[in-house]
Amino acid sequence: MALLLALAITGITLVSTYYFADGTWWLPPYISEYGDAYDKHFVLTMQLCGVIFVAAQLALAYTVFRYRGRGGRAHYSHGNNALEAVWTSAAGILFVGLVLVGQHIWVQAHLQAAPANALQIEMWGQQFTWYVRYPGSDGVFGRTRPELMKESTGQALGIDPDDPAGKDDLVMPVMAVPVNRPVEVILRSKDVIHSFFVRELRLKQDAVPGLENRLHFTASQIGRYEIPCAELCGLGHYQMRSFLEVKSEADFEQWLRDSAAP
Ligand SMILES: [Cu+2]
């Protein structure tokens, strides 16, 4: 029995490690400026954790077999404080080290200001849908008022009719962006915490009620990419998704015109 268990542990460890190592289980190709640094950091993390994972699982398999029941009295151990201290601090150093090595990628996308020519887009989360707002030709988002929010009248975001800046605002179910042009996304939520996630951009950021969370990117590949909500936000969470449509500059302008037409 102990031998079978040890073999099963070893087998599962080696098979799962193989699929990670040969790239079967990996992210789709990236389309943003963060992709290269992000993937390198991801690989480094996976390699370090992978070595520890394999070593720990093999040690477990060995221990299960070596100390199998042979009918004698069990020996009880209270552990080893020196060993506990060593591997706890080793794990601490590893985690803090990885954060220090990778933090510049996060800072670049989330803390540094977007380029001045970036196209601004608001992304609103609501149980269980996304609303994408474009500021229109004036480049200014109209004021929103919570008491005016009403889905049944098509006023999901409560754009104030008395604010001239809101007259040309465009609210869409999908996010279209021009290729190779910086885009700043302003994340807002009407109810609970949602999360904007596009695997191909290698970006994920929460939309939090009461906050305006910003991130920016430049998409380099025309195509259609899923935007699932990546925060368990309620019963309908599984169906909450939108799409990022990266278009050529001309197609994007055309899309804006078509969408704005009554
Ligand atoms: Cu959600």
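Just the heavy atoms: all of them, side chains too, but no hydrogens, waters or symmetry mates, feed the values below. As the structure lists them, so they are numbered: ligands from 1, and atoms in each ligand from 1.
You'll find the ring centres of F42 and W26 inside the 6.0 Å limit.
Remark: at the Cu ion (ligand 1), atom SG from C233 and atom ND1 from H194 enclose 100°, rounded to the nearest 10 degrees.
One of the N, O or S atoms belonging to C229 lies under 2.8 Å away from the Cu ion (ligand 1). S195 lies apart from the Cu ion (ligand 1) in this respect, since none of its N, O or S atoms is found at a distance under 2.8 Å.
Both tests hold for R224 against F243: distance to the six-membered ring centre under 6.0 Å, angle to the ring axis within 45°. Under a cutoff of 6.0 Å and an axis angle of 45°, K247 and F252 do not form a cation-pi pair.
Ion pairing between a basic and an acidic side chain is recognised when a charged N comes within 4.0 Å of a carboxylate O; R214 and E212 show such pairing.
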